[in-house]
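FYI, the numbering just counts along the sequence from 1.
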Amino acid sequence: MSLAVSATAAWQSERNRLLGIAYRMLGDFGHAEDVVSEVAIDAVRQERKTDGHRVESWPAWLTTVCVRRSVDRVRQLAAVREEYIGPWLPEPVDTSRLPEETVANRELLSLTLLHLAEQLAPEARAALVLHRAFGMSAPEIADILEKTPTAVRQMISRAERRLDIDPDAPAPRTKDRAALEKLVGAIEQGDIDTVVAMLDRDAVLWADGGGKVKSAMNPVFGAERIGRFFAGILGKAAAFDPAQPVTAELIAVNGEPALVLRHSGRADVLVLDVLVLDGGPDGTIRGLRQISNPDKLTRVSL
């Protein structure tokens with residue numbers, strides 16, 4: 001087997017895992033695919049070098065290059081996202097379209113955590129992804145990021161606190177499906193009072209239209225204001241189609257339930273951050289993320 005075939009075979013074997021790393025880092029599946037393709041080119045170039053240096057472990061080498069390229073891409077995209085029209089939210093992907101390895105380990109895969117992770121520095125985000133989603137140790141991550149193990153442990157600890165992640169919890173808690181189904185019924189029936197009653201008083205809604213469709217330009221704070229936001233959607237939808245203003249259905253994106261809202265000739269994906277109440281059938285919704293930018297919905301079955 002030639003060295004070039006060895007590099008290609010190694011990349012093909014590791015591709016899905018690398019894609020899982022890059023997508024969690026970038027929150028954009030298209031950019032993640034670009035990064036993983038660049039890693040393949042780097043691997044072939046590395047094998048063709050004639051300086052006598054031989055790669056001891058292709059999986060480790062590929063992971064290192066993927067993480068470093070992802071960190072660079074995060075920095076490049078930061079300036080672009082500062083110019084983004086309205087709130088920027090991650091790109092949702094149908095669970096069925098994600099690699100099996102990615103879905104099997106849902107840690108840091110939810111759109112909620114991908115969005116929250118945007119507040120982390122690129123290297124801190126990389127450390128958290130590698131530790132939480134891929135079980136890598138601080139010394140292993142330190143080699144990739146060219147940091148000390150102590151510094152990596154501090155980055156992980158601070159990132160977990162900032163994102164309110166329990167370091168001892170093996171995986172994020174599943175959303176309360178009963179709450180989602182109840183919300184579907186309330187929205188379709190135009191029952192804004194029920195929608196508001198399901199929201200935490202301090203709930204926040206982020207709406208990503210990207211300037212492509214009309215949407216809230218700033219986060220909407222508080223249950224009452226969010227209720228008025230949905231009332232506005234329902235009013236416009238009723239004027240557009242009096243017979244069936246809004247339809248809502250459950251779908252699976254990023255390994256979790258989400259809603260597709262169809263209204264006024266468009267479709268939105270709505271992801272909820274549901275706090276499950278102990279002993280109760282329902283949950284309190286404390287965060288809503290509405291992705292309406294059509295460019296971000298190409299990987300969702302609508």
Side-chain angles (χ1 to χ4, degrees), residues 86-87 89-90 92-95 110-116 172-209 213-294 296-297 300-302:
L89 294 175
V93 182
D94 273 347
T95 299
S110 76
L111 289 173
T112 296
L113 283 179
L114 287 177
H115 181 211
L116 292 174
R173 196 168 186 177
T174 303
K175 298 289 188 296
D176 186 350
R177 190 177 183 89
L180 291 167
E181 291 174 345
K182 183 177 179 180
L183 184 66
V184 168
I187 291 174
E188 285 191 326
Q189 295 166 21
D191 186 355
I192 297 299
D193 289 340
T194 296
V195 173
V196 172
M198 295 182 66
L199 301 175
D200 183 81
R201 183 180 63 181
D202 298 321
V204 184
L205 179 142
W206 293 266
D208 181 345
V213 297
K214 191 170 183 180
S215 189
M217 295 297 293
N218 296 294
V220 181
F221 295 95
E224 294 297 331
R225 289 183 177 179
I226 294 172
R228 290 196 294 271
F229 175 83
F230 280 111
I233 289 177
L234 291 172
K236 293 174 183 176
F240 182 85
D241 184 355
Q244 192 174 38
V246 178
T247 62
E249 66 178 285
L250 288 173
I251 62 169
V253 297
N254 291 58
E256 64 180 352
L259 301 180
V260 172
L261 303 180
R262 294 182 178 85
H263 62 94
S264 306
R266 62 187 250 195
D268 303 334
V269 171
L270 186 67
V271 179
L272 309 179
D273 180 10
V274 179
L275 175 64
V276 178
L277 303 177
D278 293 334
D282 299 331
T284 299
I285 301 169
R286 54 185 176 181
L288 305 92
R289 291 167 174 83
Q290 180 181 351
I291 301 98
S292 306
N293 184 345
K296 289 189 176 183
L297 300 179
V300 178
S301 298
L302 299 176

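- Listed by chain and residue number, S264 satisfy the side chain to side chain contact (heavy atoms under 4.5 Å, CB included) test with F240 (two or more places apart in sequence, or in another chain).
- Closest approach of T95 and G255 over heavy atoms only: OG1-N, 2.8 Å.
- Shown are L261, L270, L259, V260; of these, the side-chain contact (heavy atoms from CB on, under 4.5 Å) with V184 is made only by L259.
- Rounding to the nearest 0.5 Å places CG of N218 at 12.0 Å from CG of L205.
- I233 has its side chain within reach of Q290: a pair of non-hydrogen atoms, C-beta onward, lies under 4.5 Å apart.
- Considering every non-hydrogen atom in both L234 and G190, the closest pair reads CD1-CA, 3.6 Å.
- Between L111 and I291 the shortest side-chain heavy-atom distance falls below 4.5 Å.
- The side-chain contact (heavy atoms from CB on, under 4.5 Å) with T112 is formed by just one residue from the set L272, N254, D273, L288; it is D273.
- Counting only residues at least two apart or on different chains, the salt bridge (Lys or Arg N to Asp or Glu O under 4.0 Å) pairs with a member in residues 187-208 are D208-K296.
- Annotation for A258 and V271: closest pair CB-CG2, 4.0 Å, computed over non-hydrogen atoms.
- In this structure E249 satisfies the salt bridge (charged side-chain N to carboxylate O under 4.0 Å, His left out) test together with R262, sequence neighbours excluded.
- For A237 against P245, the heavy-atom pair with the smallest separation is CB-O, 3.4 Å.
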List, one per line, each side-chain donor-acceptor pair under 3.5 Å for residues 222-232, sequence neighbours excluded.
none

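- Between the CG atom of D268 and the CG atom of L297 there is a distance of 7.5 Å, given to the nearest 0.5 Å.
- L89 contributes atom CG, which lies 9.0 Å from atom OG of S292 (distance to the nearest 0.5 angstrom).
- The salt bridge (charged side-chain N to carboxylate O under 4.0 Å, His left out) check on D94 picks up R97, with sequence neighbours excluded.
- Among all heavy-atom pairs drawn from A216 and P87, the shortest one is O-CD, 3.7 Å.
- For the pair I251 and S301, the minimum side-chain heavy-atom distance is 4.5 Å or more.
- Residues meeting the ring-ring contact (aromatic ring centres under 6.0 Å, His included) test with H263, sequence neighbours left out: none.
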